[in-house]
Amino acid sequence: MGWSLPIGVVKGTVIRVHITFLLFLVWIGVVAFARGGQGAALQSVLYIVLLFLCVLLHEFGHVFAARRYGIQTPDITLLPIGGVARLERVPEKPAQELVVALAGPAVNIAIALLLFLALGGLASDAGTEVANPGVSLLERLLWVNLFLVAFNLIPAFPMDGGRVLRAILAHRLGYARGTQIASRVGQALAFAFGLWGLLGGNPLLMFIALFVYLGAASEAHAVQMQQVSRGLLAADAMITRFESLQPGSVVEDAVRCLIATTQHEFPVVDGAGQLRGVLTRDDMIRALRERGPETPVLEVMRPDVPVVRDRQLLEDALRLMQEKQLAAVGVADGTGRLVGLITPENVGEMMMVLSARPERRSPIVPRIRPSA
C-alpha cells in the first residue's frame, strides 16, 4: 500500500488510489484507443471509473456499518482488483461482523435496483456482456454490480463471503475455530480457482486464486496471533537487549549499530530513558542515500511510536501495531523509562515457541534477543 496516493477524505476515512490502478486506467484507455479511436477510449475509461465508484461505495458500506459498533476505518485503497477498507479492528461479536460483511454487497444491490428503475427494466440480457462497449453503459453497470455481489459472497477470505462464513461458524464454534475452518475453505477454493485457471489458460483466475489463498492465510495468522496473545503482558514478549540511539546521534551512528547487531529498529532515547522515536532500517538506508551520513536521526526517525506499560496486556500493543502499521511499539516501566521493544519479528518468534509448547506457563518465552 506504500505506492498509493490520497485523493480525498470522507468522514475521517482517507481515500487512496494505488499507482497500479492509475496504470490500469492508462492501459484500458490505450487498448480502447487502438481498437476504436478517441471516443472508444473515453467511453472505456469512463466505464472503469464508474465501476470503481461502485466499488468505493461498496467499501463505504463496510465503513459506516463498522462505525455503528465504534470501529473506525483509517483508509480505503483502490486497486486494479478492487477496494480494500482497512478496519482498525475486527468486530468483537459474530452478529456485528455479519452486519459489517453484508453491508458492502447490500450497497451494490441498492445500486443495481436504482439502475433497474432508471432504465425501466431490462430489454434483454445483453448487459451481461459487461466488456461490450456497444451495450448501454447503465445496463452494463447494473449487471456488474450484481456480479460484484456474487463475487464478494464467495465464502473465502478476504472476500465478504469469508467473513460471513466465519461469523456464522463463530456463533456456534467460537471465533478461533470459526476462523480456522473459514480459512481452510478459502484455501481449498483458491486451489480450485488456480486449477481451473491453469487448465483453462485463464491467468486472471490464477491471480484471483493467489489473492484468495494469501488472504485466507493472512486472516488465519492474524487470529492466531490474537489468540496466542490473550492473557499475556507486554513484558512477556518484549525485547530487552537492544541498541539505542541518542537524540544527538546521526545516521552514521545508526549504520554502525545496524552492522554490529541483528536489529532492524533502533529506538531513540533521551537522557531520562524515555522514547523519542524509532529509526527503522529502511528509513536509515533511505536517509543515507538521499541526505548523507551526517543527517541527525531526529530528522529521519518515526516520532509517532506509541509506548505501552510493561504490565499492560500484549493485546493492546499488537492492536496499536496493527492499527498504525508500525514497525515497533515501545514498552516502558512505571516511571516511563523504555525497558523493551515489541516488533512483528519477535512476536512471530513468540508464536512459534508457543505453538511448540504443549502447555503455556509463565514466563512463556525468553525476553531477550541477542544484539550480535
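Position 1 is the first residue of the sequence; numbering continues from there.
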Hey, does [Y] have a side-chain heavy atom less than 4.5 Å from the side chain of [X]?
X: L50; Y: Y47; value: no
X: L314; Y: D236; value: no
X: V268; Y: L298; value: yes
X: L5; Y: L22; value: yes
X: V255; Y: L288; value: yes
X: I15; Y: V9; value: no
X: I154; Y: L189; value: yes
X: L102; Y: L153; value: yes

ILVMFWY cluster, [X] and [Y] together (side-chain gap under 4.5 Å):
X: L119; Y: I109; result: no
X: V107; Y: F116; result: yes
X: L169; Y: M159; result: yes
X: V49; Y: W143; result: yes
X: L137; Y: I48; result: yes

Indicate yes or no for a side-chain donor-acceptor contact from [X] to the backbone of [Y] under 3.5 Å, with no hydrogens or angles considered.
X: N152; Y: L148; result: yes
X: Q72; Y: R67; result: no
X: H58; Y: N108; result: no
X: H18; Y: L78; result: no
X: T261; Y: Q263; result: yes
X: Q246; Y: G248; result: no

Original post:
Have R177 and Q180 got a donor and an acceptor in their side chains that come within less than 3.5 Å?
Top reply: yes
Original post:
Do we see a donor-acceptor contact under 3.5 Å between the side chains of H264 and D282?
Top reply: no
When rounded to the nearest 0.5 angstrom, what distance separates [atom1] in [X] from [atom2] in [Y]?
X: N145; Y: L113; atom1: CG; atom2: CG; value: 11.0 Å
X: C257; Y: F242; atom1: SG; atom2: CZ; value: 12.0 Å
X: D270; Y: R337; atom1: CG; atom2: CZ; value: 12.0 Å
X: L87; Y: T73; atom1: CG; atom2: OG1; value: 4.5 Å
X: L258; Y: D253; atom1: CG; atom2: CG; value: 12.5 Å
X: W196; Y: M206; atom1: CH2; atom2: CE; value: 14.0 Å

On a heavy-atom basis, which atom in [X] and which in [Y] lie closest, and how many Å separate them?
X: G330; Y: L338; result: CA-CD1, 3.9 Å
X: A332; Y: V307; result: CB-CG1, 3.5 Å
X: L245; Y: A254; result: CD1-CB, 3.8 Å
X: P247; Y: V297; result: O-CG2, 4.3 Å
X: A287; Y: T295; result: O-OG1, 4.4 Å
X: V99; Y: A65; result: O-CB, 4.3 Å

Subject >> Distance flag, aromatic centroids of Y213 and F193, threshold under 6.0 Å >> reply: no
Subject >> Derivation and outcome, side chain to side chain donor-acceptor pair (under 3.5 Å), residues T335 and D333 >> reply: CA-CA 5 Å; T335 66; D333 60 16; 2.7 Å; yes
Subject >> R166 with E97: basic N within carboxylate O range, under 4.0 Å >> reply: yes
Subject >> Electrostatic pair R286:D283 at N-O distance under 4.0 angstrom >> reply: yes
Original post:
Taking it one step at a time, do E252 and V250 satisfy side chain to side chain contact (heavy atoms under 4.5 Å, CB included)?
Top reply: CA-CA 5 Å; E252 182 65 29; V250 295; 4.1 Å; yes
**OP:** Assess whether atom CZ of F64 is packed by more than 12 heavy atoms of other residues, nucleotides or ligands within 6.0 Å.
**Re:** yes
Subject >> Pair Q96-R68, side chain to side chain contact (heavy atoms under 4.5 Å, CB included): steps then yes or no >> reply: CA-CA 9 Å; Q96 294 177 355; R68 291 184 55 193; over 6 Å; no
**OP:** Starting from the C-alpha separation in whole Å, work towards a yes-or-no answer on side chain to side chain contact (heavy atoms under 4.5 Å, CB included) for Y69 and V100.
**Re:** CA-CA 9 Å; Y69 308 114; V100 173; 4.1 Å; yes
Original post:
Should the ring pair F147 and F151 be called parallel, tilted or perpendicular, given that the plane angle runs from 0 to 90° and is split at 30 and 60?
Top reply: parallel
**OP:** Let me see the working for D160 and R163 under salt bridge (Lys or Arg N to Asp or Glu O under 4.0 Å), right down to the final yes or no.
**Re:** CA-CA 5 Å; D160 300 329; R163 306 192 183 281; 5.4 Å; no
Subject >> CA sep, side-chain torsions, deciding dist, call: F60, I76, side chain to side chain contact (heavy atoms under 4.5 Å, CB included) >> reply: CA-CA 8 Å; F60 269 109; I76 295 172; 3.9 Å; yes
